[in-house]
Amino acid sequence: MTAITQVYNYTVRTIKQPDVEAFDWRTHVEMNHSSEIALDRVYRWHNQDGTQVLDCGTLVIKKQSDRPVYYGLLHERVNSDNHVLATFKLIQDKTQPDVDIDEVFQYLLTDFMQKISQ
């Protein structure tokens, strides 16, 4: 049996602040290493319906059926004995419908891969 040695949880919220004119979702990327958040996401996402909307190769993204929330998770083996669990979540606000979902998840995946390669 192998243990998960690292956890990365990414969240992007595309909610525009009323007093800010320009919106860039890259300024709304949050990342933490909470095992509790990761386990909660795995449990919730495993038990809910979702429609596959994007395939980034190692990362498959689903859309929650009742809200504009997109999610995915993946695990990677790092060095020969470390396992990393990563969760990715995009909460899309109806005021920002033109956010490119593929661009967001490719950005997050690239960031994640850079972090674990160090």
Side-chain angles (χ1 to χ4, degrees):
M1 181 179 281
T2 306
I4 295 172
T5 55
Q6 297 176 53
V7 174
Y8 291 83
N9 298 302
Y10 286 89
T11 304
V12 178
R13 301 175 203 280
T14 64
I15 300 169
K16 184 178 185 294
Q17 302 299 323
D19 56 339
V20 178
E21 295 214 11
F23 176 80
D24 184 1
W25 59 263
R26 288 168 198 80
T27 62
H28 297 267
V29 175
E30 303 166 21
M31 198 275 296
N32 67 59
H33 298 282
S34 169
S35 296
E36 291 85 1
I37 290 173
L39 290 172
D40 180 63
R41 287 180 173 185
V42 168
Y43 177 77
R44 222 174 337 119
W45 295 344
H46 178 74
N47 290 317
Q48 74 181 358
D49 291 332
T51 305
Q52 182 177 330
V53 293
L54 187 62
D55 186 343
C56 300
T58 59
L59 179 63
V60 173
I61 304 303
K62 291 186 174 185
K63 181 182 182 293
Q64 196 171 315
S65 59
D66 59 341
R67 297 176 30 201
V69 174
Y70 301 84
Y71 59 89
L73 56 95
L74 81 108
H75 62 89
E76 288 286 326
R77 177 172 256 172
V78 182
N79 303 328
S80 60
D81 57 348
N82 292 318
H83 288 267
V84 181
L85 172 65
T87 67
F88 302 87
K89 181 177 180 180
L90 166 63
I91 303 167
Q92 190 169 22
D93 189 66
K94 60 185 171 191
T95 64
Q96 298 297 323
D98 57 341
V99 171
D100 184 348
I101 297 161
D102 184 34
E103 180 183 9
V104 171
F105 284 103
Q106 290 293 345
Y107 176 89
L108 298 177
L109 185 57
T110 300
D111 184 73
F112 168 70
M113 296 307 255
Q114 286 175 345
K115 283 182 177 17
I116 65 170
S117 69
Q118 298 174 357

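The structure displayed is predicted, hence computed values, not measured ones.
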Inset, instruction - Just do the side-chain contact (heavy atoms from CB on, under 4.5 Å) check on Ile4 and Ser35 with the steps written out, would you? - result: CA-CA 9 Å; Ile4 295 172; Ser35 296; over 6 Å; no

Inset, instruction - Write out all pairs satisfying side chain to side chain donor-acceptor pair (under 3.5 Å) with one or both partners inside residues 53-68, taking only residues at least two apart or from two chains. - result: Gln64-Asp66

Inset, instruction - Determine whether Val69 and Phe88 fall in the same hydrophobic cluster, where Ile, Leu, Val, Met, Phe, Trp and Tyr are linked whenever their side-chain heavy atoms lie under 4.5 Å apart. - result: no

Legend entry - Linked, directly or transitively: Val60 and Ile101 (ILVMFWY side chains, under 4.5 Å): no

Legend entry - CA sep, side-chain torsions, deciding dist, call: Asn32, Tyr10, side-chain hydrogen bond (donor to acceptor under 3.5 Å, both in side chains): CA-CA 7 Å; Asn32 67 59; Tyr10 286 89; over 6 Å; no

Inset, instruction - Take Asn9 and Ser34 through the side-chain contact (heavy atoms from CB on, under 4.5 Å) test and state the conclusion after the steps. - result: CA-CA 7 Å; Asn9 298 302; Ser34 169; 4.1 Å; yes

Inset, instruction - Measure across Cys56 and Asp102 and return the closest heavy-atom pair with its distance rounded to 0.1 Å. - result: SG-OD1, 4.3 Å

Legend entry - From CH2 (Trp25) to OG1 (Thr14), nearest 0.5 Å: 11.0 Å

Legend entry - Distance-only donor-acceptor check, side chains Arg77 and His83, under 3.5 Å: yes

Inset, instruction - May I ask you to test the Tyr70-Gln92 pair for a side-chain heavy-atom distance under 4.5 Å? - result: yes

Legend entry - Between Arg41 and Thr11, a side-chain donor and acceptor under 3.5 Å: yes

Legend entry - Atom pair NE2/CG of His28 and Asp93 - distance to nearest 0.5 Å: 10.5 Å

Inset, instruction - To the nearest 0.5 angstrom, please state how far the CG atom of Leu54 sits from the CD atom of Gln106. - result: 7.0 Å

Legend entry - Val53-Leu90 co-clustered via ILVMFWY side chain contacts under 4.5 Å: yes

Legend entry - Value rounded to 0.5 Å, distance of CG in Leu108 from CZ in Arg26: 10.0 Å

Legend entry - Spatial distance of atom CG (Leu73) from atom CG (Leu59) [nearest 0.5 Å]: 8.0 Å

Legend entry - More than 12 heavy atoms from other groups under 6.0 Å of CG on Asp49: no

Inset, instruction - Write out all pairs satisfying ring-ring contact (aromatic ring centres under 6.0 Å, His included) with one or both partners inside residues 39-60, taking only residues at least two apart or from two chains. - result: Trp45-Tyr71

Legend entry - Interatomic spacing from CD1 in Ile37 to CD in Glu30 - rounded to 0.5 Å: 9.0 Å

Legend entry - Partners meeting side-chain contact (heavy atoms from CB on, under 4.5 Å) with Ile116 (sequence neighbours left out): Tyr8, Glu76, Val78, Val84, Phe112, Met113

Legend entry - Transitive ILVMFWY side-chain link Ile91 to Val104, under 4.5 Å: no

